[in-house]
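Okay, structure first, notes after.
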Amino acid sequence: MAASSMEDTGKPHPAPTQKSPRPGSWGDLFGRGHLTAALILAGGVALYAMNLYLTAALMPSIVQEVGGERYYAWVATGFLMAAVIASMLVSRFLGMLGASGAYVLGFLVFAVGAALNALSPTMELLLVGRVVQGFGGGLLAGLGYAVIRGALPDRLWARAAGLVSAMWGVGTLVGPTLGGVFAQLGAWRWAFGLLAAVALVLALLARRALPGRTRSGARRETVPVLSLVVLALAAAAFSVTSTLPQGWGTFGGVAAGAVLVVAFVLVDRRGTATVLPRLTYRRGNGLKWIYLTVAVLCAGVMTENFIPLFGQRLGGLNPLAAGFLGAAVSAGWVVSQLFSVNITTERSKLLAIRCGSFLLPAGLFAYGLLQTAGASGPLVALWAAVLILAGVGIGVAYPHLSVAAMRSTDDEQEGAKAAAALNTTQLIAYTVASALAGTLISLGGSSLVASARSMVLGLAVVTALGTVTAALTQRSSH
């Protein structure tokens, strides 16, 4: 695997072999001994992912009842900002509270935020609820990766990583549908009430099923305040940029965000306490390439925000059919992971990472070039096929990148930090790609076809960088 020889902790490691230890089966993961832990890991990420799309479907109904249309964009921005900050603190909460305590905290905070949303009489209070919910959700999403090491045996890590990352695709599929049902019934408050209830049930399960804080405990680290502030400002710049009118302000916001990301790397690299594992910054270590590959793969998912619009306007689809077209990338991601996690040899895993990093941009390039007004039924079907292909690229590579990060060190705390940083990387990638997508769409002017091509092909170029970072990840393993 890419990370097998990236470990730099001073501990001896066995020489790489052609075949990993026999992996556990899906039956093992969902068996009596591990089922509850698997449900908690998957459920936390699913709550976060589903909430993103569910709320988007509910927003027209919310604005109609409580007003505050001028804050429409901030409902998503506030949630995402809080989630990014929480994801950077996952390893700290794990060190203080253990897996069960950290999960209980995350579920309870998420439930409180959802309850505030359900009871909000004004948009201002709903925004407060979204920030609270975002913090809890970001903690849950990060824990989904970070706790795999401690909650499950290593033979199940690949399947658990595949299950957890698949929940992002499940959220894309279920969230809009569930939100649409509640909106149609005029019961948007009950949707948030349902989320709160599910979070409370999962909190009870986490308290009983997951390990607590061990006596040896994790080393206490100071919080890297400066690194967190700089990265939060970068996330804020990208998030705010996506809400600005298109033009020079948008370009300036993206540039400012990029500069702040570079500043974060410089600050974090030199800090006594760091957000990313120290291994990330060591010369010759491949962990940084793993994170960059994950980032560009996740950037491709942001096309889903606009595909339903293109499906309706260019393909003449009804809203439901356009929604299913928008979920094609996630569908390919979820299904392909079911097979990708069965890969056992190191050579095959490296090949999966390389092939996945090629399939994603290939599918996006094909979809962008096929955009045209008045698309026929067969052409729309071809759109769906190439989008599924793009999603397959993510699903083939992602589980093995996740496990590579988790196995990058024998140090328990650094390993948890390496896993949690996958989620931080993912959230930052979503934020950056969302802002970039808005900028690229503006380049098409009044032509929707030109806007569609500009956005999709632009993000395809970004994801194509993954072929380079994947190669560097593999090179670092030899």
(message) Take a 6.0 Å sphere around CZ of Arg189 and say whether it holds more than 12 heavy atoms from other residues, nucleotides or ligands.
(response) yes
(message) Within the 4.5 Å heavy-atom criterion, are Asn117 and Leu195 side-chain neighbours or not?
(response) no
(message) Are Leu105 and Leu139 packed together at the side-chain level, in the sense that at least one heavy-atom pair is separated by less than 4.5 angstrom?
(response) yes
(message) Would the distance check show the side chain of Trp188 and the main-chain N or O of Phe182 forming a donor-acceptor pair, the cut-off being under 3.5 Å?
(response) no
(request) With sequence neighbours left out, write down each residue that passes ring pair (Phe, Tyr, Trp, His ring centres under 6.0 Å) with Tyr291, or none if nothing qualifies. (result) none
(request) Step by step, work out the side-chain contact (heavy atoms from CB on, under 4.5 Å) result for Val335 and Ile388. (result) CA-CA 10 Å; Val335 173; Ile388 290 173; over 6 Å; no
(message) Once side-chain hydrogen bond (donor to acceptor under 3.5 Å, both in side chains) is applied, what residue pairs with a partner in residues 382-398 remain, sequence neighbours excluded?
(response) Tyr145-Tyr398, Tyr398-Gln426
(message) Checking Val66 against Thr122 for the side-chain contact (heavy atoms from CB on, under 4.5 Å) test, could you report, in this order, the C-alpha distance in whole Å, the side-chain angles of both residues, the deciding distance, and whether it holds?
(response) CA-CA 5 Å; Val66 304; Thr122 65; 5.7 Å; no
(request) Determine whether the side chains of Thr55 and Arg130 contain a donor N or O and an acceptor N or O closer than 3.5 Å. (result) yes
(message) For the CZ atom on Phe30, are there more than 12 heavy atoms of other groups (residues, nucleotides or ligands in this structure) within a distance under 6.0 Å?
(response) yes
(request) With sequence neighbours left out, write down each residue that passes side-chain hydrogen bond (donor to acceptor under 3.5 Å, both in side chains) with Ser340, or none if nothing qualifies. (result) His400
Identify all side-chain donor-acceptor contacts of residues 359-377 below 3.5 Å with residues at least two apart in sequence or on another chain.
from	atom 1	to	atom 2	distance (Å)
Gln371	NE2	Tyr367	O	3.1
Ser376	OG	Leu379	N	3.4

(message) Surrounding CD of Glu65 (heavy atoms of other residues, nucleotides or ligands, distance under 6.0 Å), is the total greater than 12?
(response) yes
(message) With a 4.5 Å cut-off on side-chain heavy atoms, are Ile62 and Val75 touching?
(response) no
(message) I'd like to check the ring pair (Phe, Tyr, Trp, His ring centres under 6.0 Å) partners of Phe110; sequence neighbours left out, ordered by chain and number.
(response) none
(message) What I want to find out is whether Arg155 reaches Asp28 closely enough, with some N-O distance under 4.0 Å, to be called a salt bridge.
(response) yes
(request) For residues Leu200 and Leu108, determine if any side-chain heavy atom of one lies less than 4.5 Å from a side-chain heavy atom of the other. (result) yes
Table please: side-chain donor-acceptor pairs of residues 79-90 below 3.5 Å, with sequence neighbours left out.
from	atom 1	to	atom 2	distance (Å)
Ser87	OG	Val84	O	2.7
Ser87	OG	Thr424	OG1	3.1

(request) For the residue pair Val181 and Leu185, establish whether any side-chain heavy-atom pair is separated by less than 4.5 Å. (result) yes
(request) May I ask you to test the Leu351-Ile343 pair for a side-chain heavy-atom distance under 4.5 Å? (result) no
